[in-house]
Peer 1: 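Once you've had a glance at the structure underneath, I'll fire off some questions.
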Amino acid sequence: MRTGSRMKPDHIAIIMDGNGRWAKSRGLPRAAGHRAGVEALRATVRAAGELGVGWLTVYAFSSENWSRPKSEVSDLMGLLKLFIRRDLAELHNSGVRVRVIGRREGLDPEIEGLLHEAEALTALNRKSNLVIAFNYGGRDEIARASRRIAEDVAAGKLSAENIGEERFAEYLDTAGIPDPDLVIRTSGEQRMSNFLPWQAAYSELVFVPCFWPDFGRAELMNAVEVFSSRERRFGGVAARDAS
Ligand code: IPE
Ligand code: IPE
Ligand code: MG
């Protein structure tokens with residue numbers, strides 16, 4: 001088991017929070033905050049690439065975000081489309097592989113098409129990985145995985161005694177993706193909001209006070225620095241204390 005730290009995180013996952021409050025503090029509509037949030041996302045993806053981070057996961061829209069006013073939901077959908085249309089080519093040229101996690105059924109066909117295009121175009125890229133959590137909720141992901149497991153057991157493709165942690169994880173949307181080492185949440189809120197409950201079981205959590213639109217390279221480097229000063233134990237004891 002890998003204990004101790006002083007290491008660079010290979011997988012950083014980010015809860016991009018605070019767009020609305022950023023806008024409010026400037027007397028702007030929430031939509032302006034979401035637009036500024038997309039700029040912060042661009043800057044962060046670039047910075048993560050420069051820092052050599054292998055995996056970056058971003059929480060873009062949660063299963064619970066459908067409860068927001070219709071107009072805001074539609075602004076957020078519009079921005080996702082815009083982001084993929086504008087940035088996909090650059091991501092592809094930079095060798096980034098894009099994957100999307102979250103529930104796909106019931107999405108607007110245009111969005112579904114764009115998500116599929118992003119994954120298909122970049123499928124063979126190996127330089128780094130961007131995982132977009134869209135229409136994602138951890139409980140929904142676990143329930144969907146359980147359902148598929150039950151179907152496979154019923155169909156005789158899987159036997160119940162073979163279901164352990166590793167096999168279970170293969171049914172999650174994140175199959176094949178390493179667990180995040182570091183989870184960052186901006187805006188000062190200190191909660192997970194249904195983000196990667198299975199995968200972040202042993203992640204280091206760093207809560208950053210700034211609103212998401214104000215996040216960028218410097219803030220990312222700071223969070224990585226905090227991560228490096230942490231001691232990860234994974235239930236064991238620190239190497240120096242083992243006797
Ligand atoms: C994060 O900012 C964006 C999404 C959740 C999609 P918020 O919209 O949650 O901003 P606050 O938390 O209201 O400030
Ligand atoms: C979490 O932020 C979801 C995303 C960043 C996409 P929320 O703003 O939706 O979370 P709560 O409602 O404050 O917990
Ligand atoms: Mg929020």
Side-chain angles (χ1 to χ4, degrees), residues 9 11-22 30 33-34 37-38 40-41 44-45 48 55-77 79-80 83-84 98-108 111-112 115 118-119 129-150 165-166 168-213 215 220 223 227:
H11 184 175
I12 300 179
I14 307 184
I15 303 175
M16 308 184 288
D17 195 20
N19 293 349
R21 280 163 284 166
W22 180 90
R30 291 179 63 86
H34 295 314
V38 175
L41 172 60
T44 303
V45 170
W55 295 83
L56 178 68
T57 296
V58 293
Y59 204 4
F61 191 88
S62 77
S63 339
E64 289 74 32
N65 287 147
W66 293 106
S67 66
R68 295 188 179 200
K70 257 194 172 156
S71 61
E72 180 163 351
V73 169
S74 126
D75 288 339
L76 289 165
M77 297 293 150
L79 282 172
L80 176 83
F83 174 72
I84 295 181
V98 178
R99 278 186 57 171
V100 182
I101 58 171
R103 181 189 280 262
R104 293 292 180 95
E105 301 84 58
L107 286 181
D108 162 22
I111 291 205
E112 166 56 27
L115 297 179
E119 290 187 313
N129 299 272
L130 174 65
V131 181
I132 303 174
F134 182 78
N135 194 19
Y136 176 88
R139 289 181 173 181
D140 176 64
E141 177 191 35
I142 290 169
R144 282 186 289 106
S146 307
R147 187 178 181 153
R148 288 204 295 123
I149 288 172
E165 290 184 23
E166 278 184 26
F168 193 93
E170 287 168 12
Y171 283 82
L172 294 170
D173 296 346
T174 51
I177 298 176
D179 287 340
D181 301 295
L182 166 63
V183 176
I184 300 171
R185 182 171 188 147
T186 56
S187 90
E189 303 297 351
Q190 302 193 3
R191 57 176 168 267
M192 295 301 280
S193 303
N194 209 5
F195 188 48
L196 303 174
W198 172 284
Q199 301 86 344
Y202 268 104
S203 302
E204 292 298 324
L205 311 179
V206 172
F207 298 102
V208 177
C210 80
F211 296 135
W212 174 248
F215 192 89
L220 182 69
F227 171 87

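Just so we're clear, the structure is a prediction, and the values are computed from it rather than from any experiment. Positions are given from 1 along the sequence.
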Peer 1: One pair to check against side chain to side chain contact (heavy atoms under 4.5 Å, CB included): Ile12 and Asp181. What are the steps and the verdict?
Peer 2: CA-CA 6 Å; Ile12 300 179; Asp181 301 295; over 6 Å; no
Peer 1: Ion pair present between Glu119 and Arg104, side-chain N to carboxylate O less than 4.0 angstrom?
Peer 2: yes
Peer 1: Has Ser62 got a side-chain atom pairing as donor or acceptor with Gly137's backbone, closer than 3.5 angstrom?
Peer 2: no
Peer 1: Please identify each residue that fulfils side chain to side chain contact (heavy atoms under 4.5 Å, CB included) with Val45, with sequence neighbours left out.
Peer 2: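 Leu41, Leu56, Leu91, Leu130.
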Peer 1: If you round to the nearest 0.5 Å, how far is CE of Met77 from CG of Leu107?
Peer 2: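 Reported to 0.5 Å precision, the distance equals 7.0 Å.
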Peer 1: Should Val131 and Ile101 be marked as a side chain to side chain contact (heavy atoms under 4.5 Å, CB included) after you check the CA-CA gap, both sets of side-chain angles, and the distance that decides it?
Peer 2: CA-CA 7 Å; Val131 181; Ile101 58 171; 3.9 Å; yes
Peer 1: Roughly how far, to the nearest 0.5 Å, is CG of Asp173 from CZ of Phe134?
Peer 2: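 Result: 13.5 Å between the selected atoms.
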Peer 1: For Leu76, give me all partners under side chain to side chain contact (heavy atoms under 4.5 Å, CB included), at least two apart in sequence or on another chain.
Peer 2: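 Testing Leu76 for side chain to side chain contact (heavy atoms under 4.5 Å, CB included), a comparison that skips the adjacent residues, returns His34, Phe61, Glu72.
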Peer 1: Where do Leu172 and Ile177 land on the side chain to side chain contact (heavy atoms under 4.5 Å, CB included) test, with the steps shown first?
Peer 2: CA-CA 10 Å; Leu172 294 170; Ile177 298 176; over 6 Å; no
Peer 1: Kindly compute the distance separating CG (Leu205) from CG (Leu182), expressed to the nearest 0.5 Å.
Peer 2: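 CG of Leu182 is found 8.5 Å from CG of Leu205.
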Peer 1: Going from CD1 on Ile15 to CZ on Phe195, what distance comes out if it is rounded to the nearest 0.5 angstrom?
Peer 2: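 Going from CD1 on Ile15 over to CZ on Phe195, the span is 5.5 Å.
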Peer 1: Kindly write out the residues that satisfy side chain to side chain contact (heavy atoms under 4.5 Å, CB included) with Ser146, not counting sequence neighbours, or none if the list is empty.
Peer 2: Ile142, Phe168
Peer 1: Who passes ring pair (Phe, Tyr, Trp, His ring centres under 6.0 Å) against Trp22, sequence neighbours left out?
Peer 2: none
Peer 1: Provide the closest heavy-atom pair for Pro213 versus Gly37 in the form atom of the first, atom of the second, distance.
Peer 2: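 Pro213 and Gly37 have their closest heavy atoms at CG-N, 4.1 Å.
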Peer 1: Please walk me through it: do Leu115 and Leu80 pass side chain to side chain contact (heavy atoms under 4.5 Å, CB included)?
Peer 2: CA-CA 9 Å; Leu115 297 179; Leu80 176 83; 3.9 Å; yes
Peer 1: For Ser63 and Asn135, work out which heavy atoms get closest and say how close.
Peer 2: CA-OD1, 4.0 Å
Peer 1: Please collect all salt bridge (Lys or Arg N to Asp or Glu O under 4.0 Å) contacts where either partner lies in residues 193-203, sequence neighbours excluded, each pair once.
Peer 2: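 The answer is none; no pair qualifies.
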Peer 1: What do you reckon, is CD of Glu105 surrounded by more than 12 foreign heavy atoms closer than 6.0 Å?
Peer 2: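 Yes.
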Peer 1: So, using side chain to side chain contact (heavy atoms under 4.5 Å, CB included) as the criterion, who are the partners of Arg139 when residues are at least two apart?
Peer 2: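 So Arg139 forms a side chain to side chain contact (heavy atoms under 4.5 Å, CB included) with Asn194.
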Peer 1: Going by ring pair (Phe, Tyr, Trp, His ring centres under 6.0 Å), name the residues that satisfy it together with Phe207, two or more places apart in sequence or in a different chain.
Peer 2: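 Partners of Phe207 by the ring pair (Phe, Tyr, Trp, His ring centres under 6.0 Å) criterion come out as none, since no residue qualifies.
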Peer 1: Kindly write out the residues that satisfy side-chain hydrogen bond (donor to acceptor under 3.5 Å, both in side chains) with Asp140, not counting sequence neighbours, or none if the list is empty.
Peer 2: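 Expected list: Arg103, Arg144.
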Peer 1: Give every residue pair that meets the salt bridge (Lys or Arg N to Asp or Glu O under 4.0 Å) criterion with at least one member in residues 183-200, sequence neighbours excluded.
Peer 2: Asp17-Arg185, Arg21-Glu189, Glu189-Arg191
Peer 1: Give the minimum heavy-atom separation between Ala13 and Pro180, together with the two atoms involved.
Peer 2: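 Shortest heavy-atom contact: CB-CB, 3.9 Å.
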Peer 1: I'd like to check the side-chain hydrogen bond (donor to acceptor under 3.5 Å, both in side chains) partners of Asp75; sequence neighbours left out, ordered by chain and number.
Peer 2: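 Here no residue qualifies.
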Peer 1: Which residues pass the ring pair (Phe, Tyr, Trp, His ring centres under 6.0 Å) test with Phe211, sequence neighbours left out?
Peer 2: none
Peer 1: State, to 0.1 Å, how close Pro197 and Gly138 come at their nearest heavy-atom pair, and which atoms those are.
Peer 2: CD-CA, 3.4 Å
Peer 1: At their closest point, which heavy atom of Thr186 faces which heavy atom of Met16, and how far apart are they?
Peer 2: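 The pair with the smallest heavy-atom distance is OG1-C, 3.9 Å.
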Peer 1: Using a 4.5 Å cut-off on heavy atoms from C-beta on, say whether the side chain of Ile132 contacts that of Tyr59.
Peer 2: no
Peer 1: With sequence neighbours left out, write down each residue that passes salt bridge (charged side-chain N to carboxylate O under 4.0 Å, His left out) with Glu165, or none if nothing qualifies.
Peer 2: none
Peer 1: Within this structure, what is the OG1-CG distance for the pair Thr57 and Asn129, rounded to the nearest 0.5 Å?
Peer 2: 8.5 Å
Peer 1: Taking the side chain as everything from C-beta on, heavy atoms only, tell me whether Trp212 gets closer than 4.5 Å to Thr44.
Peer 2: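 Yes; the side chains approach each other to less than 4.5 Å.
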Peer 1: Look up atom OG in Ser193 and atom CG in Asn65, then write down how far apart they are to the nearest 0.5 Å.
Peer 2: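 Reported to 0.5 Å precision, the distance equals 9.0 Å.
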Peer 1: May I ask you to test the Ile84-Val98 pair for a side-chain heavy-atom distance under 4.5 Å?
Peer 2: no
